[in-house]
Trainee: 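There's a structure below that I have some questions on.
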Amino acid sequence: MSVDTATVKRVANLARIAVTEDDVSRMTGQLNTILGFVEQLNEVNVEGVEPMTSVTPMAMKKRQDVVNDGDKVADIVANAPTSEENFFVVPKVVE
Amino acid sequence: MTLVDTRTPEPKRFVSGATGDWEIVIGMEVHAQITSNSKLFSGASTTFGAGPNENVSLVDAAMPGMLPVINEWCVRQAVRTGLGLKAQINLKSVFDRKNYFYPDLPQGYQISQFKQPIVGEGTMIISVGPDKKGEFEDIEIGVERLHLEQDAGKSLHDQNPTMSYVDLNRSGVALMEIVSKPDMRSSDEAKAYLTKLRTIVRYLGTCDGNMDEGSMRADVNVSVRKPGGEFGTRCEIKNVNSIRFVGQAIEYEARRQIAVLEDGGSIDQETRLFDPVKGETRSMRSKEEAHDYRYFPDPDLLPLEFTQAYVDELKADLPELPDDKKARLVSALGLSVYDASILVTEKAIADYYEAVAKGRDGKLSANWVINDLLGALNKAGKGIEESPVSPDQLGGIIDLIKEGVISGKIAKDLFEIIWNEGGDPRDVVESRGMKQVTDTGAIEKAVDEIIAANPDKVEQAKAKPSLAGWFVGQVMKSTGGKANPQVLSDLVKAKLGITE
């Protein structure tokens, strides 16, 4: 599998990352190198092997259903370029 | 998912177009907010109506380095809902990232479940009706899956001409997305499905079903086809927030698609919005490209695993669900399917009814709860929880009828007094002298008076026995409705010489 420049532009657009034409050709090369490595991994027969989700066997940690966070609106909006009445304010997005 | 048509086309469900009959095919994705104190992956509160961004933790705001930790209560709620839908519970499920860009989604992805959801296939029986003959039709609707996911924040677009305001309070709140199979064939069935789903989650206490506050929203997939033909291209109507709107949106959308197809056009698979003011659906321009969600397993979360013993324990603990309750009310208490269906729509109504019916006549209790109590509540715009008349008080009224202390007619007055003023029904009857007169002598005296005052009517009644009813009415009036109706009717007939 490999990607062409159109695919790279599309992925960048989906992630809302601005890329220049130069970036695109450079990234296409880089991504294809990564995909080449993945291709190589794909040669290994993993038939019937469960995907490994952690190096040491462990169960997912769970929380109790208690409220012990939040109520820190000043922290939440502290880094926002613009905020008003504790809302984040962003350029208009309307459907 | 492979689409399987489980239904047999039936003409009664067809819609007619200019070129003949059409069949509507509907599937639904319902987002139900899990009833929990804190969010799916953080300890922030889920309370509705807090100030902007107050119920937000650094996890919900997707600050760098924050890690999600799952709320075990939400897992439990999802499993219980799955059990309520008689569905396959998956002991191992996986969380994936669903990637899309939107300002109210700070992570840039929603944590959801894609290939391995927590709950697999299940079924739900919906009841459509009553039809003109008063009959209900039970239809089985397949459930494809139920998975856990995070809600997004909320954007406000009307605060400022050039800017949007973002509130992340909902960000990270636990949702169950419940996906049906494309098994519905009319707007009535779709409404019945949503109603039933709402009833089930409310019985289970897994979602409050409050559609006004957005606790339940439906994405409705609609397509049309010639009866029994191949499935047509569908349109998805997003975020419909009331059961009535679901019906309206489907009716409009089906008509629109039929018109396009009959005009020689074709349906574009697209996302549409329902406008409740205009009663129409319209295309959502953007988003189309963003449909590439690039799902992949969330590396921050291990697979979600639990034991069959855990599931069995939850199963043993489930409350009686509406279908079972309905069956029991019909078989054990002799109620009609119609009455039982009404009583089980809300757990609170069923509980109220069962408190009234305990040790009393089931049918009489059902009549009072359905006709009088629910009627009055409906008129007053109150829910059953706010009923001014308690089950004990209503039971007291029914006892007085059964004992023959008051007539059914007086009982209606008594109900109104208890509704408005409260009190113990027996005391009220006593203090207001509402007791039924069963003393034949007293009733006889009243009958005699009416007969003496209306000799002409007496003559007429001899020729026309149905006039006896007029005399009964007059005596009822003169006794303030307290005469025992049976005793009175017998007496009137005897005095007028009417024999049946």
Side-chain angles (χ1 to χ4, degrees), chain A residues 1 3 6-19 31 34-35 38 41-42 46 49-95, chain B residues 36-39 41-47 50-61 63 69-75 94 99-104 106 108 153 155-157 159-169 273 284-287 289-290 292 294 297 301-305:
Chain A
M1 188 192 164
V3 291
T7 307
V8 172
K9 282 184 189 170
R10 193 166 142 271
V11 172
N13 182 44
L14 285 172
R16 299 300 191 276
I17 296 171
V19 288
L31 286 170
I34 296 169
L35 288 168
V38 172
L41 292 177
N42 270 342
V46 290
V49 181
E50 282 278 299
M52 187 180 78
T53 47
S54 69
V55 180
T56 50
M58 57 191 290
M60 179 152 74
K61 279 211 174 67
K62 294 179 182 140
R63 264 187 327 109
Q64 299 288 309
D65 183 32
V66 289
V67 177
N68 54 16
D69 205 343
D71 205 11
K72 50 177 67 156
V73 62
D75 288 351
I76 296 299
V77 298
N79 294 323
T82 319
S83 67
E84 202 177 303
E85 290 168 36
N86 294 334
F87 284 102
F88 291 94
V89 178
V90 301
K92 192 125 185 160
V93 271
V94 185
E95 285 307 333
Chain B
S36 66
N37 297 318
S38 62
K39 295 183 179 180
F41 294 112
S42 88
S45 169
T46 59
T47 322
N53 291 311
E54 275 173 9
N55 291 345
V56 181
S57 76
L58 297 177
V59 177
D60 310 319
M63 293 296 170
V69 184
I70 199 161
N71 181 337
E72 66 171 3
W73 174 258
C74 295
V75 173
V94 173
N99 298 279
Y100 66 93
F101 186 89
Y102 207 73
D104 57 24
S155 303
L156 304 173
H157 305 296
Q159 309 288 304
N160 183 298
T162 57
M163 308 297 269
S164 291
Y165 286 46
V166 180
D167 174 13
L168 299 180
N169 281 348
L273 275 181
M284 276 170 76
R285 290 163 287 112
S286 61
K287 282 237 172 154
E289 194 192 21
D292 185 352
R294 296 152 294 150
L301 291 159
L302 284 161
L304 174 58
E305 291 177 285

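In what follows, chains are A, B, ... by sequence order, proteins preceding strands, each numbered from 1.
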Trainee: Only pairs of heavy atoms separated by less than 4.5 Å count here; which of A/D65, A/D69, A/V73, A/T53 has the most with chain B?
Mentor: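 Looking at each option in turn, the highest pair count goes to A/D65.
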
Trainee: Checking heavy atoms, do the side chain of B/S42, its backbone, both or neither come under 4.5 Å from chain A?
Mentor: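 Only the backbone of B/S42 comes within 4.5 Å of chain A.
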
Trainee: Is it the backbone or the side chain of B/E72 that comes under 4.5 Å from a heavy atom of chain A, or both, or neither?
Mentor: both

Trainee: Side chain from CB out, backbone as N, CA, C, O: work out which of these in B/P161 comes under 4.5 Å of a heavy atom of chain A, or both, or neither.
Mentor: backbone

Trainee: Measuring heavy-atom distances to chain B, does A/V89 have an atom under 4.5 Å in its side chain, in its backbone, in both, or in neither?
Mentor: both

Trainee: Taking side chain as everything from C-beta outward and backbone as N, CA, C, O, which of these in B/S45 sits under 4.5 Å from a heavy atom of chain A? Side chain, backbone, both or neither.
Mentor: both

Trainee: Using a cut-off of under 4.5 Å on heavy-atom pairs, state which of B/L168, B/V56, B/V94 scores highest against chain A.
Mentor: B/V56

Trainee: If you measure from CZ on A/R63 to CH2 on B/W73, what distance do you get to the nearest 0.5 Å?
Mentor: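 CH2 of B/W73 is found 13.5 Å from CZ of A/R63.
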
Trainee: What closest approach, in Å, do B/F101 and A/A15 show between heavy atoms, and which atom pair accounts for it?
Mentor: CD1-O, 4.3 Å

Trainee: So, do A/K92 and B/N160 sit near enough that their side-chain heavy atoms are less than 4.5 Å apart?
Mentor: no

Trainee: Heavy-atom cut-off 4.5 Å, strictly under: side chain, backbone, both or neither for B/P303 against chain A?
Mentor: both

Trainee: Please report the interatomic distance CD(A/E85) to CD(B/Q159), rounded to the nearest 0.5 Å.
Mentor: 8.0 Å

Trainee: Looking at B/G51, B/A61, B/P103, which one has more heavy-atom pairs under 4.5 Å with chain A than the rest?
Mentor: B/P103

Trainee: Do side-chain atoms of B/N37 reach the backbone of A/V67 as a donor and acceptor pair under 3.5 angstrom?
Mentor: no

Trainee: If you round to the nearest 0.5 Å, how far is NZ of A/K61 from CG of B/L302?
Mentor: 9.0 Å

Trainee: A/V11 and B/R294: which non-hydrogen atoms are nearest, and at how many Å?
Mentor: O-NH1, 4.4 Å

Trainee: Of all the heavy-atom pairs spanning A/F87 and B/N53, show the shortest one and how long it is.
Mentor: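 Shortest heavy-atom contact: CA-ND2, 3.7 Å.
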
Trainee: Roughly how far, to the nearest 0.5 Å, is the CG atom of B/N71 from the CD atom of A/Q64?
Mentor: 8.5 Å

Trainee: What distance separates B/N169 CG from A/I76 CD1, expressed to the nearest 0.5 Å?
Mentor: 10.0 Å

Trainee: Apply side chain to side chain contact (heavy atoms under 4.5 Å, CB included) to the pair B/M63 and A/D75, showing each step before the final yes or no.
Mentor: CA-CA 11 Å; B/M63 293 296 170; A/D75 288 351; over 6 Å; no

Trainee: Taking side chain as C-beta onward, heavy atoms only, is B/N55 less than 4.5 Å from A/D71?
Mentor: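 Answer no - side chains too far apart.
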
Trainee: Mind checking the CG-CG spacing from A/N86 to B/D167? Nearest 0.5 Å is all I need.
Mentor: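 A/N86 atom CG to B/D167 atom CG measures 9.5 Å (nearest 0.5 Å).
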
